[in-house]
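Residue numbers start at 1 and run along the sequence shown.
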Amino acid sequence: MTQSIFAGAAQTLTCTLYAGTIALGLTVGVIESVQAQTFQFEWDRSDANLFHNTSKCSTCFNDLNLPLGLNDKPGVHEFIQTTYNQQTEALSWTSAFSNSIVNGGWLVISDGPNPKKHDQEFAIFYLDGLNNKLTAYAYNGQNNSKSWQTNPFLQSWDNALTFTDDGNGNTALSFSIDASAINDRNDLGAAWQGIGFGEEVGIWFHAANIKTLQYDANDHLTAVKWGKAGWYDTGALDTEDVQIPEPGTILGLLAIV
């Protein structure tokens, strides 16, 4: 997958910077002091041996080694990657599909548990690929997308969501945002965590085909209706701690090397 290639290139660059810096006599401690700690979870469909059919439907799978439920009804999940930086509170998400009519969906990310049944602890995102729009509400913990009807509106982002469709059944949804404003909310109760994860992540993602997503003048949702929808439903998945130099640091080290 293209995303995997980019990830590999980033790791190669980081290793090159380490080698060049150490060759100049700088200590590893200096490098660590300018790095931003980012946790990453990545899943690739190429690990197909992890799946088996269930008796429920031909497109339902369970991971034999991880607490994963997967349904490919609107599109075959090919790739998922999410990253979170605990210092900057930057969150990124990428999901890619084949044989797909996916152009939106809803998503909840936790710091470990399966987000379901956790009322007003995490944010739920509504992904609108038709308008490149991302909207967040406080998640109600229920197994549906109706949080926008009952729970507080958190934030919206215009042109933050990237939707791609190559015309051959391959689609993708991705975004990168600053989650700090949502995480800093102090009016949502003692259980509120917002967005973010560390050594573990939980993901409740329903990729879908949009029938209706409508908004008022304040970007609040006023109507939501989905066509086909699938899911990627997990809890307690291990992440990787990827130490990535911040952009300014990369440029500075390149100048030195």
Tyr139 ring center near Trp204 ring center (under 6.0 Å)
yes
Taking the six-membered ring for Trp and the full ring for Phe, Tyr or His, determine whether the centres of Phe197 and Phe41 are under 6.0 Å apart.
no
Please report the shortest heavy-atom distance between Gly194 and Ile182, naming the atom on each side.
CA-CG2, 4.3 Å
Compare every heavy atom of Val102 with every heavy atom of Leu173, then report the nearest pair and how far apart it is.
CD1-CG1, 3.9 Å
Restricting to salt bridge (charged side-chain N to carboxylate O under 4.0 Å, His left out), what partner residues turn up for Asp187, sequence neighbours left out?
Arg185
Lys228 bridged to Asp72 by N-O distance under 4.0 Å
no
Between Thr83 and Thr38, does the side chain to side chain donor-acceptor pair (under 3.5 Å) criterion hold? Intermediate values first, please.
CA-CA 7 Å; Thr83 66; Thr38 299; over 6 Å; no
Angle between ring planes, Trp226 versus Trp106, binned at 30° and 60°: parallel, tilted or perpendicular?
tilted
Nearest heavy-atom neighbours spanning Ser174 and Thr94:
CB-OG1, 3.7 Å
Heavy atoms only: give me the nearest Thr171-Phe163 pair and the separation to one decimal.
CB-CE1, 3.9 Å
From the options Asn85, Thr82, Asn183, select the one residue that forms a side-chain contact (heavy atoms from CB on, under 4.5 Å) with Leu91.
Thr82
Looking only at atom types and distance, does a side-chain atom of Asn218 sit under 3.5 Å from a main-chain N or O of His220, one as donor and one as acceptor?
no
Please step through ring-ring contact (aromatic ring centres under 6.0 Å, His included) for the pair Phe39 and Tyr84, ending with a clear verdict.
CA-CA 5 Å; Phe39 291 94; Tyr84 182 70; 8.3 Å; no
Between Asp233 and Asn114, a side-chain donor and acceptor under 3.5 Å
yes
Side-chain donor-acceptor pair under 3.5 Å between Gln120 and Asn140, yes or no?
no
Please tell me whether Tyr232 and Asn71 have a donor and an acceptor in their side chains that are separated by less than 3.5 angstrom.
no
